[in-house]
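Data block below; observations after.
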There are 2 protein chains.
Amino acid sequence: MTSPPKGKVSLQDVAKEAGVSVSTVSRALSFPDRISKKTREKVLRIAQELGYHPNIAARNLRLGHSRTILAVMPNHKGSIISTVAGEAIAGIQKYISTQGYALSVVTTDFTTATSNHALDLVFGRQVSGVILFAAQPPASDGRDMLDAGLPMVSLTEDLAHLGIRSVVSSDRQSMIEAVGRLADLGHERFAFISGPPNSYHSTQREAGVRSGLLQRFGTDAGLTKIVADFSVDTGVSAAHQYLALTDRPSAVISWADEVALGFQSTVMTAGLSIPRDLSLISFDGLHALRFLRPSISTYDQSPGRLGGFAAQLLVEEIETGTPPEARLIEIPAAFRPGDSLAPPR
Amino acid sequence: MTSPPKGKVSLQDVAKEAGVSVSTVSRALSFPDRISKKTREKVLRIAQELGYHPNIAARNLRLGHSRTILAVMPNHKGSIISTVAGEAIAGIQKYISTQGYALSVVTTDFTTATSNHALDLVFGRQVSGVILFAAQPPASDGRDMLDAGLPMVSLTEDLAHLGIRSVVSSDRQSMIEAVGRLADLGHERFAFISGPPNSYHSTQREAGVRSGLLQRFGTDAGLTKIVADFSVDTGVSAAHQYLALTDRPSAVISWADEVALGFQSTVMTAGLSIPRDLSLISFDGLHALRFLRPSISTYDQSPGRLGGFAAQLLVEEIETGTPPEARLIEIPAAFRPGDSLAPPR
DNA sequence: TTGTACGCGTTATCAG
DNA sequence: CTGATAACGCGTACAA
């Protein structure tokens, strides 16, 4: 019989067919140079013919590790993964596959059920490291992902205070620069549309805006703050709040692209013109923004690049066993100009 | 010692601590009712205290399967995962996690390197089933994912001719309906912006448009066809071709949202008004389209829903061991009206 | 250079 | 109801 028996052929099968021992086959595959050319070629040929593939579970069990990294992605309100999450996944995968690592993905809304799933994987020693794309490590029923003692790096969120190395985009610096750009155009009155109060990024970006204001004007007292959320819908309500203002700021900075989307759409429906009546800068680098009319200027944090970088850090830690010296790595976001910028009227 | 020794506690550790045998512990965990209440409670308590978690690799090895499903996602030109892929992943994950399955994700550009990665996973018996989000199963070096003999279902692409069950959106039916809507408004001259010639979806959607035309007008001869691609950029060039037409069709149907994005942006820049000068319908359900001005009418194929459905099919096949009776399952896409529709001038 | 033997942590079979 | 034991497939120390 030359055809693989039911698709399950083990080292032993190859050994039998080649008339050698299991360990010889194992070595022929793992250390080709520690074996005589003749038997090596024979073994390799037969393995090929029989369609041998190592059983990864057995290998993992023996080796005690899996060379698999787990990406924990958020799944707010049971709905969609954002496009930035998708890009981050692609960036992670791209890097780790060059290092012989595999990727598992779990989405969680941080309820007990979905958290447990992630925790099972981690405590089941099924993963070698974790990339956390979330505001905190999943925990439930008294177990916490932190306790698994696994290499872990946080992506886009600063979790350094938990001892987790974090790769984030340079929120503050970008916003300082954004204020500078608008000020250069002549703007003096600013509004900032924030996210929810507990959002790390929103906080950082607001701080950046205020820093920029201070640097430029010596005070941030004039800043109008409007609170929104993640969603496009809150961008709409932010627009209504903006429209209700008696003295509308000519420069608007939105903390996130989705929000800017709803904001722009709404103020334009109300009859305002961008950038004639107001200038708008946002943050995220959402692809679609480029094709709005007018297109919105944004800071592109290239999630794929961030993800790849985080993956690199993680793999290094796994391979070298370096202790997790927590620190924060800031990757600059790239300004992507749009048509939403002009001097004030 | 009450604290877990280095985070690696096995059945044996629990057994020793509880003064029972390994098999008793195993049963206490797997079949709580086949064991005396007293020892059960004791074992469970100690397992909890010690922080025991089953080693999944060992279990998989013993059981011969992994309850892990692999999602193969495309990664064209080394760039981003599309937003529809991200939503599909979320939909898959959401369903399978309720069934006790885990998700692995691999992105591939169908080069040898990345294909091999996917193939290793599959032939390494590390996965119980595959969801294919691609135009064909990965193959390289003479091995083909099909030969792994694994349950497999195709998502968004019709691979029934390869014996793979396929879950797709109802391209044809939606496009027939789209033509009907436009015709109801009074439109008589139509343009279709297609994707690349080898795209299954583009072909299907064009066929749908032609069917609709035939049903309504008895002929599809008047259809203007403009060839584009996946990208927004080709939507821009499609617009230029459209603008160059001497007698521009008043109804434009785009095969994909990204393309429609570029198209709309460009024709409006050229001074045309939508929907006054032309009506536009597209396909995909891209979230951002809702917030364009005007918003573009589109057919939403809800990738999350599709993904969940595909996952359900796959899990059923895995559990029941049903032979893969190949067939095509069409899920209707939902029409999402926008401001891009009006009677012709 | 090659073969033998053991153990990784589980689950399942079979006695008791 | 419980315990001893085998087996899943692999990698490796040790012996030949």
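Applying the salt bridge (Lys or Arg N to Asp or Glu O under 4.0 Å) criterion to A:E41, with sequence neighbours excluded, gives no partner residue. By the side chain to side chain contact (heavy atoms under 4.5 Å, CB included) test, A:R40 pairs with A:P32, A:I35, A:K37, A:L44, sequence neighbours left out. Under the side-chain hydrogen bond (donor to acceptor under 3.5 Å, both in side chains) criterion, B:R45 pairs with B:E49, sequence neighbours left out. B:E317 pairs by the salt bridge (Lys or Arg N to Asp or Glu O under 4.0 Å) definition with B:R165, not counting sequence neighbours. Residues meeting the salt bridge (Lys or Arg N to Asp or Glu O under 4.0 Å) test with A:R67, sequence neighbours left out: A:E319. With sequence neighbours left out, A:A139 forms a side chain to side chain contact (heavy atoms under 4.5 Å, CB included) with A:D144.
Of all nucleotides in DNA chain D having an atom under 4.0 Å from a heavy atom of chain A, the first and last in 5' to 3' order are D:dG9 to D:dA13.
Between B:F123 and B:A148, the shortest heavy-atom contact is CE2-CA, 3.7 Å.
Across the interface with DNA chain D, nearest-nucleotide mapping of B:D33 and A:P54 shows B:D33 to be the residue nearer the 5′ end.
Residue-level contact check: B:L11 touches the bases, meaning some heavy atom is under 4.0 Å from a base atom. A:H65 comes within 4.0 angstrom of nothing in the nucleic acid, heavy atoms only. The residue B:L63 sits close only to the backbone: its heavy atoms come under 4.0 Å of sugar-phosphate atoms, none of a base. The residue A:S36 sits close only to the backbone: its heavy atoms come under 4.0 Å of sugar-phosphate atoms, none of a base. In this structure, A:I35 reaches the sugar-phosphate backbone alone: every heavy-atom distance under 4.0 Å involves primed, P, OP1 or OP2 atoms, never a base.
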Side-chain donor-acceptor pairs under 3.5 Å in residues 302-314 of chain A, sequence neighbours left out?
residue : atom : partner : partner atom : Å
A:S302  : OG   : A:R305  : NH2          : 3.4
A:R305  : NH2  : A:P332  : O            : 3.4

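Scanning residues 37-47 of chain A for heavy-atom distances under 4.0 Å to DNA chain D yields an empty list.
One can place CZ of B:F31 at 9 Å from C1' of C:dA12, the figure rounded to the nearest angstrom. Nucleotide C:dG9 holds its C1' atom 6 Å from the CG atom of B:N55, rounded to whole Å. To the nearest angstrom, C1' of C:dC8 lies 17 Å from CD1 of A:I56.
Annotation: ring pair (Phe, Tyr, Trp, His ring centres under 6.0 Å) contacts involving residues 138-163 of chain B, sequence neighbours excluded, are absent. For residues 23-34 of chain B, the pairs satisfying side chain to side chain donor-acceptor pair (under 3.5 Å) are B:S21-B:S23, B:S21-B:T24, with sequence neighbours left out.
Side-chain contact between A:T68 and B:Q126: absent, with no pair of heavy atoms (C-beta onward) separated by less than 4.5 Å.
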Just the atom pairs and distances: protein N or O near nucleotides 4-7 of chain C's N or O, under 3.5 Å.
residue : atom : partner : partner atom : Å
C:dT4   : O4   : A:S23   : OG           : 3.2
C:dG7   : N2   : A:R62   : NH1          : 3.3

